[in-house]
Trainee: 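One structure, pasted below without further comment.
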2 protein chains.
Amino acid sequence: MPKETFFNLTENKKSKLIEAAEQEFARAPLHEASIANIIKTAGIPRGSFYQYFSDKEDLYFFLLDSKLQTSKKNFIEALEKHHGDIFEAFIEIYNDFLITMPDEEEHNFIKNALLFATYRVENTFADIFDSTSDREHFNRLMELIDHKPFKDKEEVISILQMIGAIAFHNSIVKLTNKLSDEVAIKQFRIQMDFIKYGVYTEKSK
Amino acid sequence: MPKETFFNLTENKKSKLIEAAEQEFARAPLHEASIANIIKTAGIPRGSFYQYFSDKEDLYFFLLDSKLQTSKKNFIEALEKHHGDIFEAFIEIYNDFLITMPDEEEHNFIKNALLFATYRVENTFADIFDSTSDREHFNRLMELIDHKPFKDKEEVISILQMIGAIAFHNSIVKLTNKLSDEVAIKQFRIQMDFIKYGVYTEKSK
DNA sequence: TAGATAAGTGACACCGTGTCATATACATAG
DNA sequence: CTATGTATATGACACGGTGTCACTTATCTA
């Protein structure tokens, strides 16, 4: 988390810094991005940076977290819309996430996040449907999810994790193999169908 | 790939360097590991390192690749043993991989690889059951896999990718949450059952 | 208006990378 | 056996990035 000092900054200074950081993290993945570039673009001295953040990661995960707040809300909305159907909700946010990326800078930011995703990045993404950090959000999820197909809460969590991992992995494959949006979504649907109806079951073709 | 010069080295020198590198990559993840440490341990001058490898990554992926050759063979063997059953084969190598890790250095190497896995690391792991790099290996896989439950080859590939992603993700969760071997394997089995029989199907409880 | 507390600043010490000019070893033809 | 070319070895160095710290400046408060 950024330090108190950062939040005390004027809106103008704050957004200038954030814009500079987004630009840099869109240009290069975390490990290649440099504080030097960020402060140059933002026009602040080196010492100030460390007044606001403990290091590069601090700023980075603050940004990534902010960006994913939207996905978190979207997931809730998708669940409401699809009457608690996990699969349809996931397909919807997968769609949202990969396809509705209007801003090129935003797109590159996320691309770098995914392609160079360490466990911390993965965990940040997982927060969208995970219990660990935002308890309230998680409880809301659990209320909305249709539990009928599942034995117990553990099964629900297990499925959420599994689908999350698949969605995450598919995003990476889409980016590395430069798949079209249509192909990517189709692939994901096929995989969701496997989980819904199983490999050893007659599929409704 | 390491340069010619590296392969021309005496066995003694080569293994000394490799041992030093393994030690360093077990100590720290790729982005924190330093060439400085490797050459210090191996007792070679800095210039020589660049005679053998183009950079840190070059050496790293050479090592990781070598290590995964074993898993590649194991997967083939597991498929033979289980008469082409993808699920049982995966469970077996998942087991092999996470549990049969006798050497602590080896364990830490893999741990760092998984926790700080970028798309290149993920792709290297995916080579175990992927078509892109080792065509011959892939064809052998396709011969062995029981195609009965699947509509076509594409479906088989899709399932392989999916299970691969789940196994990969589970390994990371096991390491971050420090799950016991038993719990990790049990979780994986539950998830495999979901794919086998589907969520919307009566399970044989 | 003094004194305290918070914020701003940039020079600096430190560390790691990749290169390059130079040195050395080795092979091979004359 | 020597000359000459080719492969390998070496470490000093330029470059660029990080995090800190002593010092300055601004802001608040009694």
Side-chain angles (χ1 to χ4, degrees), chain A residues 1-64 109 112 116 118 120-121, chain B residues 1-64 109 112 116 118 120-121:
Chain A
M1 266 284 118
K3 299 179 186 170
E4 193 58 35
T5 330
F6 173 69
F7 295 108
N8 292 340
L9 251 37
T10 63
E11 275 313 312
N12 186 23
K13 243 186 167 178
K14 247 191 290 189
S15 61
K16 217 166 164 184
L17 221 171
I18 286 178
E19 175 47 40
E22 280 181 336
Q23 200 182 307
E24 176 66 0
F25 292 129
R27 184 194 67 78
L30 179 55
H31 72 281
E32 277 177 29
S34 88
I35 296 174
N37 280 337
I38 295 172
I39 59 173
K40 206 169 67 192
T41 308
I44 61 164
R46 186 165 196 81
S48 293
F49 181 92
Y50 288 94
Q51 207 79 356
Y52 310 143
F53 309 100
S54 54
D55 52 25
K56 206 170 49 172
E57 273 76 24
D58 192 18
L59 167 54
Y60 182 76
F61 285 102
F62 170 67
L63 282 183
L64 187 60
F109 184 104
N112 282 330
F116 298 89
T118 63
R120 253 197 95 180
V121 173
Chain B
M1 264 287 116
K3 299 178 185 169
E4 193 57 37
T5 329
F6 173 70
F7 295 108
N8 291 342
L9 252 36
T10 62
E11 275 312 312
N12 186 24
K13 244 187 166 176
K14 247 189 293 189
S15 60
K16 217 167 166 182
L17 222 171
I18 286 178
E19 174 47 39
E22 280 181 335
Q23 200 180 309
E24 177 65 359
F25 292 127
R27 182 194 70 79
L30 177 55
H31 71 283
E32 277 178 30
S34 87
I35 295 174
N37 280 337
I38 296 172
I39 59 175
K40 206 169 67 191
T41 309
I44 60 164
R46 184 163 197 81
S48 293
F49 182 91
Y50 287 94
Q51 208 79 1
Y52 310 143
F53 310 100
S54 52
D55 52 25
K56 206 169 50 170
E57 274 76 22
D58 192 19
L59 167 54
Y60 182 75
F61 285 102
F62 171 66
L63 282 184
L64 186 60
F109 185 105
N112 281 330
F116 298 89
T118 64
R120 254 197 94 181
V121 173

Trainee: Any side-chain heavy atom of F25(A) within less than 4.5 Å of one from L59(A)?
Mentor: yes

Trainee: List in chain and number order the residues that pass side chain to side chain donor-acceptor pair (under 3.5 Å) with Q23(A), two or more places apart in sequence or in another chain; answer none if no residue qualifies.
Mentor: none

Trainee: What residues form a side-chain contact (heavy atoms from CB on, under 4.5 Å) with E57(A), not counting sequence neighbours?
Mentor: L30(A), D55(A), F61(A), R120(A)

Trainee: One character per nucleotide, please: for nucleotides 22-29 of chain D, 5' to 3', B when the base has a protein heavy atom closer than 4.0 Å, S when only the sugar-phosphate does, - otherwise.
Mentor: --------

Trainee: E22(B): which residues meet the side chain to side chain donor-acceptor pair (under 3.5 Å) condition with it, sequence neighbours left out?
Mentor: K67(B)

Trainee: Considering all heavy atoms of both residues, which atom of Q51(A) and which atom of K3(A) are nearest to each other, and what is their separation?
Mentor: O-CD, 3.4 Å

Trainee: According to side-chain contact (heavy atoms from CB on, under 4.5 Å), who are the partners of F6(B), at least two apart in sequence or on a separate chain?
Mentor: P2(B), L9(B), K14(B), L17(B), I18(B), Y52(B), F53(B), F62(B)

Trainee: Collect all protein-nucleotide pairs involving nucleotides 25-28 of chain C in which both atoms are nitrogen or oxygen and the distance is under 3.5 Å.
Mentor:
none

Trainee: For residues 2-37 of chain B, which residues have at least one heavy atom under 4.0 Å from DNA chain D?
Mentor: T5(B), N8(B), K13(B)

Trainee: At their closest point, which heavy atom of A26(B) faces which heavy atom of N112(B), and how far apart are they?
Mentor: O-ND2, 3.0 Å

Trainee: For K16(B), which residues count as a side-chain contact (heavy atoms from CB on, under 4.5 Å) partner, sequence neighbours excluded?
Mentor: none

Trainee: Which residues, if any, of residues 46-62 of chain B bring a heavy atom under 4.0 Å of DNA chain D?
Mentor: G47(B), S48(B), Q51(B), Y52(B)

Trainee: Excluding sequence neighbours, so at least two apart, what forms side-chain contact (heavy atoms from CB on, under 4.5 Å) with E32(A)?
Mentor: A28(A), P29(A)

Trainee: For N8(A), check side chain to side chain donor-acceptor pair (under 3.5 Å) against everything at least two apart and list the hits.
Mentor: none

Trainee: Tell me which donor-acceptor pairs under 3.5 Å the side chains of residues 36-43 of chain A have, and how far apart each pair is, sequence neighbours excluded?
Mentor:
residue : atom : partner : partner atom : Å
N37(A)  : ND2  : E24(A)  : OE1          : 3.4
N37(A)  : ND2  : E24(A)  : OE2          : 3.1
T41(A)  : OG1  : N37(A)  : O            : 3.0

Trainee: Please report the closest heavy-atom contact between S54(B) and D58(B), naming both atoms and the distance.
Mentor: N-OD2, 3.0 Å

